[in-house]
Amino acid sequence: MKLKDINIFEQHAEKAVLGVGVLFLLVCLVMFVLLGKITVNMSGAQVSTSEADDKIKERAEVLERKLEMPVPDDLKEVRDKLPDYMSQYAEKQQRLLTPVGADDSADRLMVGSLTQSSLNIGAGGTEIQQRPYHFVDLPAVDHINVRAGQSTVDAAALVSAAERTGQLELIRIIGTKPPYDLRWVSIAGRVKVGHIIEQYKTGTPENMQAVPAQLWQTLSAIADVEVERQELLPDGTWGQATLVSRMPDRTSYREVLASGQVTRAALGSLVTELRGRRKDLTKPAFYPLEKGKNPWLPPDIPRPEKPKDTGLLAVPNLVNNANEDPDVVEYTLEDLEKLKEDEQRIARLLKPLMDRQKKLQERGQRLPRSQAVRVQRLQEELRTVGAKIKVAREQLRDQLAGAGFNDDANGDSSNPFGANDLAVLANDLYVEPGKTYRYRMRVVFINPMFGLKLPEVQAERATQLVRRGEWSDWTRPVETPDTMYYFLAGSSKNARSGKIKVWKFFNGSYQTAEFDVEPGDLVGGPAQPVPLAGNTVGAAGQLDFGTGVVVVDFDFDHKLSGGFGRGLTDTTTRLIGIKDGRVVELLELRDRQRIEKLTKELVPDFDTIDPELLRELDGGFDRGGESDGYEEGYDDGFDDDYGA
């Protein structure tokens, strides 16, 4: 029977489905044949893709059998260190390859730079099976030394620093009212950073990997110089070690380094900044001080030896050779101090002769010829020393101004520290007058391996942004200058009284006043200061020389031993007083010796020559005529450049 109402598509639907199925089978057959004919080159032979995996497996098995063959004893250790290639291949067949993420830049850097590592690649990502890395030894600071001092900070520089930085810490230390007297202890030493470079370049211990050159050359820097101090306690022991704060208004990255916010990505920028501020970090400049006051001087440390062909004298001959050219001598700070001592010695010898000459001239007389010749010789020696002092100050200008030491320029272009032998310096402004301290220091370095994926045994080191060198030995004890000294300078047994000399540090130098005291008197008080030799009272007016000591009694026949005088046992006057509830004892014989000693130590040695005496010397007592310019040359040295 003929079906009605059925269109042509409905009548032939079965045929269409059958045709599509046949076509699919034909395509599968063709693909199978073609793929079977695709080949790859393996060791010079063409192998089909279907056979490639089997061939690789066969070669791996051959290699494994060869590894199991007997080998000489000297090669067994090498064989045992080789990776298990079959296990790696089997694991590869079972796991998928996971690519390194876009944010794993540190891992990619390590993979690209390490050639002695083996990789396990699987679903867990890239795992670096590394041998530990050679973390080089960091040198300790050696030749460490200290120097204590005090002077007056230039007021304009003090205010300028506060306005520029917005920090008031220095003003808090010194005070808000002039004079801005400041005391300090300076600590200096040398660190042989070339030892670090040598370790990087000369190899690593057995079974350790060398740090890639691209890391230590680009990501090494000095980040800080740390100093610890201990205070000498009354019982003779040393107190707890405390970290000394950096100088106020000077460069410091301590807060940045301790913040925990520095990332591996930011490490390069930080290192670049640290290298640009290396001198500020290792040798911070001291503050400008008032002219004519006791200058800041860095501690003496050994300086690198100069090549023998420089033509410079290692040690200047000071005054002994008047014909010596001061311009060809390389002066040290120690040399400058010796020159100043010679200058003062000559001036002391000249002064009584000049005083006598002045009196004789007023009467129309002259000095005897022998004394006149001596004056001429001393004048010439003084001019020679003055010329040398001027040259020495110019050579040491950076050190005298607090800009630090000149580093030994013996590094090369690949040295990330700028030199192989660095002078490092720190200053402690948080000291108390009259206290005794000792110090030690160390250098803080950036860790170039910070933020990298290191072997598990060294993983913690990758979290350390900095590495610290070993502490130096403790320095010798150093006593800070006191703001006030008082002595029993004389006594009267009949009047039952004594003379007290008080020294007070004010406006950059010591001023002195004398007081007659009896039992019951308070030692010191307001007085017009008398300047010591070379000191200038200026606009000081009356100063408060109060000591807080109340005189209780005098012992005019006090016996003491120890050879203070000429004999083994001496008799002297003893003053007994009370201060802050404690007994104070002053001994006249001992105090006179202390006055002589402190006069030499505490009077600023850069301003001890009387300018009026210099003018007389310049004119020449028997030559007459205009000044030869010595005074101008003398003043043009240290003071004009000091603190720049």
Side-chain angles (χ1 to χ4, degrees), residues 146-188 224-229 231 242-256 258 277 279-298 400-404 425-435 437 439 478-484 504-511 529 535-546 602 604 639 641-644:
V146 288
R147 183 195 297 269
Q150 59 183 354
S151 190
T152 300
V153 177
D154 182 82
L158 181 66
V159 174
S160 174
E163 293 178 346
R164 183 181 68 256
T165 63
Q167 300 178 11
L168 302 177
E169 182 65 18
L170 184 59
I171 293 180
R172 294 190 186 100
I173 296 174
I174 299 177
T176 58
K177 296 181 180 179
Y180 300 109
D181 290 334
L182 175 68
R183 67 191 52 84
W184 62 84
V185 174
S186 298
I187 312 98
D224 197 5
V225 176
E226 293 181 341
V227 175
E228 281 190 344
R229 78 174 180 203
E231 180 183 335
T242 58
L243 185 67
V244 176
S245 299
R246 292 280 295 181
M247 295 175 66
D249 307 329
R250 292 294 183 260
T251 301
S252 176
Y253 288 84
R254 288 186 181 179
E255 292 184 3
V256 174
R277 305 300 296 271
K279 280 200 172 183
D280 296 334
L281 293 170
T282 59
K283 294 173 283 293
F286 205 78
Y287 306 100
L289 303 178
E290 293 280 2
K291 292 183 178 180
K293 308 304 178 185
N294 197 22
W296 176 88
L297 291 175
L400 296 173
L425 168 71
N427 295 283
D428 183 8
L429 309 185
Y430 298 86
V431 295
E432 298 182 34
K435 293 291 186 69
Y437 303 96
Y439 295 83
V478 57
E479 182 179 357
T480 57
D482 210 335
T483 55
M484 183 174 290
K504 182 174 182 177
F505 191 81
F506 182 85
N507 197 27
S509 58
Y510 281 93
Q511 314 299 332
N535 290 359
T536 303
V537 177
Q542 280 199 336
L543 298 180
D544 184 5
F545 287 89
L602 299 180
D639 290 344
D641 296 311
Y642 176 60

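This chain uses plain numbering: 1 for the first residue, then up along the sequence. Just so it is clear, the model here is predicted, and its values are computed rather than measured.
A distance of 5.0 Å separates CZ in Phe286 from CG in Leu182, rounded to the nearest 0.5 Å. In this structure, CG in Asp280 is found 11.0 Å from CE in Met247, a value given to the nearest 0.5 Å. Between atom OG1 of residue Thr282 and atom CG of residue Asp224 there is a gap of 10.5 Å, rounded to the nearest 0.5 Å. Separation of atoms CG (Leu281) and CG (Leu425) is listed at 12.0 Å; rounding is to 0.5 Å. Distance CG/Asp428 to OG1/Thr242: 8.0 Å, rounded to 0.5 Å. In this structure, OG in Ser509 is found 10.0 Å from CD in Gln150, a value given to the nearest 0.5 Å.
The aromatic rings of Phe505 and Tyr510 lie perpendicular to each other, with more than 60° between the two planes, well past the 30° mark.
Of all heavy-atom pairs spanning Tyr437 and Glu432, the tightest one is OH-N, 3.1 Å. The shortest non-hydrogen separation linking Gly508 to Asp181 is N-OD1, 3.0 Å. When all heavy atoms are compared, the tightest approach of Leu543 to Gln511 is CD1-CG, 4.0 Å. Glu226 and Leu243 make their closest contact through CB-CD1, 3.9 Å (heavy atoms, listed as atom of the first residue, atom of the second, distance). Heavy-atom minimum distance, Lys504 versus Asp544: NZ-O, 2.8 Å. Here the shortest heavy-atom pairing between Tyr253 and Thr251 reads CE1-CG2, 3.6 Å.
With sequence neighbours left out, the side chain to side chain donor-acceptor pair (under 3.5 Å) criterion links Glu479 to no other residue.
The side-chain heavy atoms of Arg229 and Val431, taken from C-beta on, include a pair separated by under 4.5 Å. When side chains are defined from C-beta on, Ser186 does not count as touching Tyr439, because their heavy atoms never get closer than 4.5 Å. Using a 4.5 Å cut-off on side-chain heavy atoms (C-beta onward), Leu170 and Tyr180 make no contact. Between Pro529 and Phe506, every side-chain heavy-atom pair lies at or beyond the 4.5 Å cut-off. Contact annotation: the side chain of Ser151 never approaches that of Tyr287 to less than 4.5 Å [non-hydrogen atoms, C-beta and beyond]. Leu429 has its side chain out of reach of Ile174: every pair of non-hydrogen atoms, C-beta onward, lies at least 4.5 Å apart.
In terms of modelled atom types and a separation under 3.5 Å, the side chain of Asp154 and the main chain of Leu289 share no donor-acceptor contact.
Neither side chain, Arg183 nor Thr480, offers a donor N or O lying under 3.5 Å from an acceptor on the other.
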